[in-house]
Amino acid sequence: MALETLTSEPRESRVAALLRRSERFRLGLLLFPGLFWLLLFFALPLVVVVLYSFATPGPTGRVEWHFTLANYGTLFTESLYVNAYLRSIWAGVLTTLICLLAGYPLALYIVRRPPRWRTVLLFLILIPFWTNFLVRTYAWMIILSNNGIINSIIQALGLPRVALYPSEGAVLIGLIYGNLPFMVLPIFASLDRFDFTLLEAAADLGADQTRAFLRVMLPLTMPGIAAGSVLVFIPTVGQFVVSDLLGGAKVDYLGNLLQRLFTRSNPPNWPLGSAMAIVFMAVLTVAILLYFRITTEQDR
Amino acid sequence: MQRFRFLPLIMVVALVLAACGGAPAASPGNEYGSGGATPEPTAAPAATQPAQSDGLEVDRTKLSTELRFFNWTDYVDPSILEDFEKEYGVKVIVDLFDANEDMIAKVRAGRSGYDIVTPSDYAVETMWREGLLAKLDKAMLPNLKHIDPGLLDKYFDPGNVYSVPYLYGITGIAYNKQNFPDGVDSWAALFDTAQIEKYSGQFSMLDDERESPGAALKYLGYSLNETDPAALKKAQDLLIAQKPFLAAYNSSDVNRKLASGEYVIAHAWSGSAMQARSGLGDEFSGNPDIAFVIPKEGGMIWMDNMVILADSPNAYTAHVFMNFMLRPDIAARNAEYVGYLTPNKDGEQLLPQDVIALYKEGFAPNEEVLKRLEWAVRNEQTVAFTDVWTAVKGE
């Protein structure tokens, strides 16, 4: 025992000395595991995508390493691609807005319930997520289809059937349904931290309800709104499953176009797909930075 | 109050994780093995006795214990794989793909682990040109003699050096006789706006960049391999004009929607029309009013083929399996289950009478129809079809 302590003692102190000597070294040591995984699983794939976006598609779909800017050229000159971007972003904005308008009151309602009920209500929102998203989208197909639940009710009432699915409206319903919880939960989190006596204070100082909401509650819950919006917007813009299943695959959103370029078209065009993904990422990054700057302005 | 503070955050994280798992990932290897009844090591007498029916003396010591079969969805009778396991003690593990391009990308990456794959015609050519396929040992495939010579030695693999036919099909129009008592004989039933407005929202076209533009080209009187820009533009305009009336571009469950009556007519593969007519196992029941026709302007023919991957470690076993699948009785059983057509002419004789009757009704091509069918070839020019399809979808 004593011998062991003797031999290990000097080694330990040497490491300790090194750590003392260099603050930076210590920091590096602590950050290394995290950075390593980040580089491996985030940066590396991204670098590959960037490289692909400057490569040439081969005649059979194999990526050829001839540097070209043609992929980016195609994206910005062909209206088809520009339209797919605009259509997806529009769907994303619309879904986010509707989720916000529906989600905020819902979160507010839940937060004002007694604690026991809050847990129950939150779990009710969460429970559908224990089923695969694909299955839930199929459920909507059954609800909206020509022989589906809604049309059966309409027919039972003696009215003519309505073509609800497949349609753009059905896509929007699917998107809102799938993303609503992503909006509700962050807003709930920030409402939970909101001190409701501030509203009474505002009223004491002469603010009516609308004013109190706009000037006190809304700014203080802005972080939740921002987080929720980003969580809804990003997956919505990139999705392809909902528009395929509920939209009858009739119109291309960004995700559909990407999926086809990578796995369906003949030959597959990975370089063009990669360029699309990079441009998409750049657009999103700028949009989100702007969004955060606007929504958190009050803080500064 | 306090204890709820972190609950929403945890939930958000859980949701994000749940969403990550939401993409329709390819099904993980479906195992069609006979479950608990693992095959005992073959008894001595059986081991020495060659399997007569296969016309091939199999050296069982050279067989692997497993074979990995990369196949299209719903494209093999699982009981056949169980029989193969019973006969040879080799467990066949099936993995699924739903597009040639997807499959090639996986194989191209190397070490895919698959032994046997079923690429379509043009994909066979892409694969052997890239060195992804092993040359076949014909001495191990005596059952190749049962295959219709008309389906051998095709453009994608002259001399069948790398591939043997698995199943084939034709693309035309499936319709419900209740809605079309006089029958259908032209692509006009899917493209003429005066006709299709009557069943707007009740018909579909295949979600495929060669099939739908190909059908439009046929209607316009061109070859479905036509890449002349003017012809392609006309086909594109035709598809765009058709789109508002269309229920969906659908290549996945046309069979069900025809059988249920949700579609009254559809651009369809013969096998999926066959399934709409006679049902698919216990998944859904058939509709006796479904008919299938290759329009007078012509249609497409295509074939899926068995190949062995160049990096397959079990080439010997793969040959044995291939020869087994080429056996007439097995080929007939498979074709009956799947609904597509068997290239095995001796196997075709063994099909039940009701299936033969359906073939005669139009679900399989006769000599006269064969003349109207075209293979879709791929070359440098056919890249143009991607642009046509993107334009149609982007409208």
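Just so we're on the same page: letters track the sequence lines, and every chain starts at 1.
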**Request:** Return yes if some donor-acceptor pair links the side-chain N/O of B/K393 with the main-chain N/O of A/A249 below 3.5 Å, else return no.
**Result:** yes
**Asked** Does any N or O in the side chain of A/K250 come within less than 3.5 Å of the main-chain N or O of B/Y249, such that one atom is a donor and the other an acceptor?
**Response** no
On a heavy-atom basis, which atom in [X] and which in [Y] lie closest, and how many Å separate them?
X	Y	result
A/L80	B/G394	CD2-CA, 4.2 Å
A/P166	B/A247	CG-O, 2.8 Å
B/R108	A/T60	NH2-O, 3.0 Å
A/T263	B/E101	O-CB, 3.2 Å

Atom pair [atom1]/[atom2] of [X] and [Y] - distance to nearest 0.5 Å:
X	Y	atom1	atom2	value
B/D207	A/D244	CG	CG	6.5 Å
B/N379	A/N266	CG	CG	11.0 Å
A/N146	B/Y263	CG	OH	9.5 Å

**Asked** Do B/E209 and A/S265 get their side chains close enough for a donor-acceptor pair, meaning under 3.5 Å?
**Response** no
**Fill in**
Of B/T126, B/T390, B/V392, the largest count of non-hydrogen pairs under 4.5 angstrom with chain A goes to B/T390
**Item:** Full working for side chain to side chain contact (heavy atoms under 4.5 Å, CB included) between A/R62 and B/I104
**Value:** CA-CA 10 Å; A/R62 199 187 266 278; B/I104 293 176; over 6 Å; no
Could you look at [X] and say if it's the side chain, the backbone, both or neither that has a heavy atom under 4.5 Å from chain B?
X	value
A/R136	neither
A/W130	neither
A/F262	neither

[X], [atom1]: over 12 other non-hydrogen atoms inside 6.0 angstrom:
X	atom1	value
B/Y155	OH	yes
A/R112	CZ	no
A/F196	CZ	yes

**Asked** Does a salt bridge link A/R260 with B/D208, judged by any charged N lying under 4.0 Å from a carboxylate O?
**Response** no
Tell me, side chain or backbone of [X] under 4.5 Å from chain A's heavy atoms, or both, or neither?
X	value
B/T386	side chain
B/E130	both
B/F385	neither

**Among B/R378, B/R129, B/E380, the one residue meeting side chain to side chain contact (heavy atoms under 4.5 Å, CB included) with A/P59** = B/E380
**Item:** Pairwise side-chain contact, A/E78 with B/D387, heavy-atom cut-off 4.5 Å (strictly under)
**Value:** no
